[in-house]
**Student:** 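Once you've had a glance at the structure underneath, I'll fire off some questions.
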Amino acid sequence: MKPIKSYPDHRAARHEMLTSRIALMTLCVVLIVGVFAGLALWQGRAQLFERKHAVAMDVVQSVESMIDRVALEHASLMPLVGIPCDEARQRLSATDAFIPYVRTGALVADGVIYCASSYGATDVPLSSYFSEIRRDRPSYRLVRGTLTQPGRPSLLAFFPDTVPDALGRGVLFYLDGAYLSDILRNDSRFGMDQINLRDGNVMLTLQGAVESDKQPPTASASRFPLEVVVHPSPRLVRDIYQHQLTLFIPIGIAFAALFVWLMSNSFTPRRTLLRAVRAGIARHEFDVHYQPVVELGTGVCVGVEALVRWSHPRWGVVSPNDFIGVVEGDPLIVPMTRMVVERALDELHQQKIPRHLHLAVNLAPRHLQSSHAIADLARLLASHGRGRPVIAEVTERYLFDDPQAALASFETLRKQGVRFALDDFGTDRSTLAQLQDFHFDYLKIDQRFVAELEDDRTDLIRGIIALARQIGLTLIAEGIETMRQHRSLLELGVAYGQGFFYAQPMSAASLARWLALGSTQALVSQGHSRSGAALEPAPPGPRSSRFPRRDLRSDDA
C-alpha cells in the first residue's frame, strides 16, 4: 500500500480553525473580564453615591439641629410680639446670647419686622423675604443677604403666632450663614470637593451665596425646604474606582481562566479523537470495506460503495458513527477521504475487481468548498482511476451552504468522468430547482424511507420516485434488509439498491470471492421464484431530454 500523501491545505485549514478557536476564546475572556470591570464601575458608583449621600445627610442633620435649637426658644419670645421695641429689645437680646449661631432675633406684627435685637426698631415688610407665609407651621428661607447686611448670607426662620394675623405675626430668627459655611467646610474633609446648601434659587457655597444650579440634590431635608448638593473630589472618585477595579478584575481574570479551562476540557474528547484519527491514518489503522450495489431485477452487482472502518490498537473496532461526524467538521476529513479513494482504487485493481463496476465514495463539505482539495482529488483520479467509473455521493444537508463553490467542484470532477449522487435524499431541504442546478446523475433513497415499506407505507417513496422521473435521475435505495422491501422497491420502479439483504460491507478480497459466487443473483432469483414476481425491473418513468437516465452498468459490462 502506498503512503498517504499530504494534503496541501490541511495544515493551513488546521491553523485557521485553531486561530478561530483562539479568537473565540479570547473574545469570551475579554467579555468576562469586561463584565467584571463593569461590575467594578457599578459598585464604585454605588459606593461613591453612598459616600456623597452620607456627607449630605450629615449636613442636613447639622442644619436641622440648629433649627431645632432655635425652635425651642421661639415660644419664650412669642409673648413679646406687639410690645414696643424699647421694652422688648433687652429681653430679645438676652435670648440671642444663648444661641451663638443666631445673628439676630426679631419681632413681627401686622406683617412688619418692627424690632430686631441687634439694631433696634425697624420697619421692614416680612414679604421682603417671604413670598408666602404658612400660619400653621414655621417658614424658612435662605437669602444672599438682608436689607441691613446685603452681602451676608442668612437662613431665616419665621415662627408664626397662634393668634390669627392676615399679614403675619410671630418671631423671626436670622441664622448666620457663617455657621452654615462651617458645617459645609467640616464635611468637605471627607473627600468632597464642594458641598452646597440650596433653597429655591439661592445656593450657599464655601465662597458665599450664589445663584442655584440645576444639579439634582444629593439629599433633602424632610422637615425643611433645604437641599444639599455634594460634588466629590477627583481624587476620591479615582481612589474609589481603583479600589473596586482592584477587587473585581482579579475575580474576573479567575473566572476567565476557569472558563478557558472548561472550554479546553470540553474540546478534549474531540481533540483526543482527532489526534487518534490523525495517528491512525499515519499508522494505516483504517481499512476500506465495500458494500455492493445491485440491480434489483437481476441481482447483478453493478458497483460498490467505499466505507471506512477503524481498528484502534487499544479501543478496538470503532464504529463510524463515533468518529465520522467529528472528522467531517475538521480539516482532517480531506486527507482521510483521499486515503479512502486512493486505497479503494488500488485494492479493487489488485483484487482484479471488474473495471466496469463503479466505485462510490462520499465527499464531505470541506472537499466541495475547497478548490485545492478538489484539484488534488482530480489528480488522484487521473493517476489511479484506471478507467473505473467513480460516483461521488454528496449529502444534501451540506450541499447548499456554499452553492457556488460546490458547482465549481462538480465541474472540475466531471472533467475526470465523475458522476454525482445525492445521498440521504428527503431528509433535509432540497428543492427541485436546486437539484436541477447541480445536474445530479443519481438519487439515493434514505434507508428510513425504505424501512417504511415493511408497513406498506409507500407514499413518500412514490413521491421521491415521481420527482426522480421528472428530472431524469436514476434511483438507488439504501438499507434494504428484507425480501419484502426488495420486492416493493422493484414494483415501484426503483432500479438499484444496496443493503444487508444482498451483502454487508466487506474487504476487497472478500468482495472478489463474493462476486465469484454470484450469491446475490441466486438469492434474488429464488425470491422471485417463490413470489412469482418478474425478474426484470419495473419500466423507468419518462426521461428528461436535459437529464438523461443513467445506467449504473457501463457499456462494456
Side-chain angles (χ1 to χ4, degrees), residues 291 293-299 302-303 305 358 360 362-363 365 368 391-401 403 406-407 410 419-502 524 527-528 531 533-534 536-553:
Q291 185 170 42
V293 179
V294 303
E295 186 176 32
L296 299 186
T298 63
V302 296
E305 180 180 357
H358 74 260
N362 290 278
L363 285 188
L368 296 175
I391 297 176
E393 297 186 1
V394 180
T395 302
E396 64 172 317
R397 65 178 177 274
Y398 298 126
L399 185 61
F400 307 113
D401 292 339
L407 286 170
F410 274 40
R419 291 175 288 177
F420 290 89
L422 182 60
D423 199 7
D424 298 335
F425 178 75
T427 62
D428 212 280
R429 54 185 178 181
S430 300
T431 65
L432 180 60
Q434 289 170 323
L435 293 178
Q436 289 178 326
D437 290 341
F438 281 91
H439 297 187
F440 282 99
D441 302 284
Y442 309 103
L443 189 151
K444 301 193 75 173
I445 303 174
D446 189 74
Q447 59 184 359
R448 73 185 68 179
F449 302 125
V450 174
E452 293 181 352
L453 296 176
E454 287 295 309
D455 301 323
D456 293 328
R457 290 183 292 177
T458 62
D459 293 343
L460 290 175
I461 294 285
R462 291 180 186 275
I464 294 173
I465 292 173
L467 174 63
R469 287 177 174 173
Q470 180 179 355
I471 58 179
L473 299 181
T474 299
L475 287 165
I476 306 173
E478 294 183 299
I480 303 173
E481 297 182 351
T482 66
M483 176 61 76
R484 185 174 186 175
Q485 295 171 359
H486 168 86
R487 289 199 301 265
S488 297
L489 290 167
L490 186 60
E491 292 170 359
L492 291 171
V494 178
Y496 303 99
Q498 62 187 92
F500 289 172
F501 177 69
Y502 312 110
V524 172
H528 284 302
S531 63
E536 294 300 324
R543 301 183 182 182
S544 167
S545 58
R546 184 177 178 186
F547 304 101
R549 177 182 171 90
R550 309 291 183 182
D551 194 336
L552 287 175
R553 297 174 297 178

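Numbers here simply count residues along the sequence, with the first being 1. All figures in this text were calculated on a predicted structure; none of them were measured in a lab.
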**Student:** With distance as the sole test, does D446 use its side chain to make a donor-acceptor pair with the main-chain N or O of R448 at under 3.5 Å?
**Tutor:** yes

**Student:** Who are the side-chain contact (heavy atoms from CB on, under 4.5 Å) partners of Q485, not counting sequence neighbours?
**Tutor:** V450, L453, E454, I480, E481, T482

**Student:** Looking at R469 and L492, what are the two nearest heavy atoms and their distance?
**Tutor:**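 Of all heavy-atom pairs spanning R469 and L492, the closest is NH2-O, 3.5 Å.
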
**Student:** For F438 and A406, which heavy atoms make the closest approach, and how far apart are they?
**Tutor:**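 For F438 and A406, the tightest heavy-atom pair comes out as CE2-CB, 3.5 Å.
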
**Student:** Can you tell me how far apart CG (L490) and CZ (R487) are? Round to the nearest 0.5 Å.
**Tutor:**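 If we round to the nearest 0.5 Å, L490:CG and R487:CZ are 10.0 Å apart.
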
**Student:** First locate atom CD of E393, then atom CD1 of I476, and finally report the distance between them rounded to the nearest 0.5 Å.
**Tutor:**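 Spacing of CD (E393) from CD1 (I476) equals 7.0 Å.
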
**Student:** Any idea which heavy atoms bring G497 and L296 closest together, and the distance?
**Tutor:** N-CD2, 3.6 Å

**Student:** What closest approach, in Å, do I461 and F449 show between heavy atoms, and which atom pair accounts for it?
**Tutor:**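 Of all heavy-atom pairs spanning I461 and F449, the closest is CD1-CB, 3.7 Å.
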
**Student:** If you compare all heavy atoms of V302 against all heavy atoms of H358, which two are closest, and at what distance to 0.1 Å?
**Tutor:**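 Heavy atoms of V302 and H358 come nearest at O-ND1, 3.1 Å.
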
**Student:** If the test is side-chain contact (heavy atoms from CB on, under 4.5 Å), which one of V293, L489, V294 qualifies with Y496?
**Tutor:** V293

**Student:** Could you walk me through whether E478 and D423 pass side-chain contact (heavy atoms from CB on, under 4.5 Å), step by step?
**Tutor:** CA-CA 9 Å; E478 294 183 299; D423 199 7; 3.1 Å; yes

**Student:** With sequence neighbours excluded, tell me which residues meet side-chain contact (heavy atoms from CB on, under 4.5 Å) with A392.
**Tutor:**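 Partners of A392 by the side-chain contact (heavy atoms from CB on, under 4.5 Å) criterion, ordered by chain and then number, come out as L363, V418, F420.
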
**Student:** Of D441, L443, I464, which meets side-chain contact (heavy atoms from CB on, under 4.5 Å) against L473?
**Tutor:** L443

**Student:** Looking only at heavy atoms, what is the nearest atom pair of I391 and Y442, with distance?
**Tutor:**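 Shortest heavy-atom contact: CD1-CE1, 3.5 Å.
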
**Student:** Supply the atom-to-atom distance E491 CD to H486 NE2, rounded to the nearest 0.5 angstrom.
**Tutor:** 9.5 Å

**Student:** Just verifying a value: how many Å separate L422 CG and I445 CD1, rounded to the nearest 0.5 Å?
**Tutor:**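 Going from CG on L422 over to CD1 on I445, the span is 11.5 Å.
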
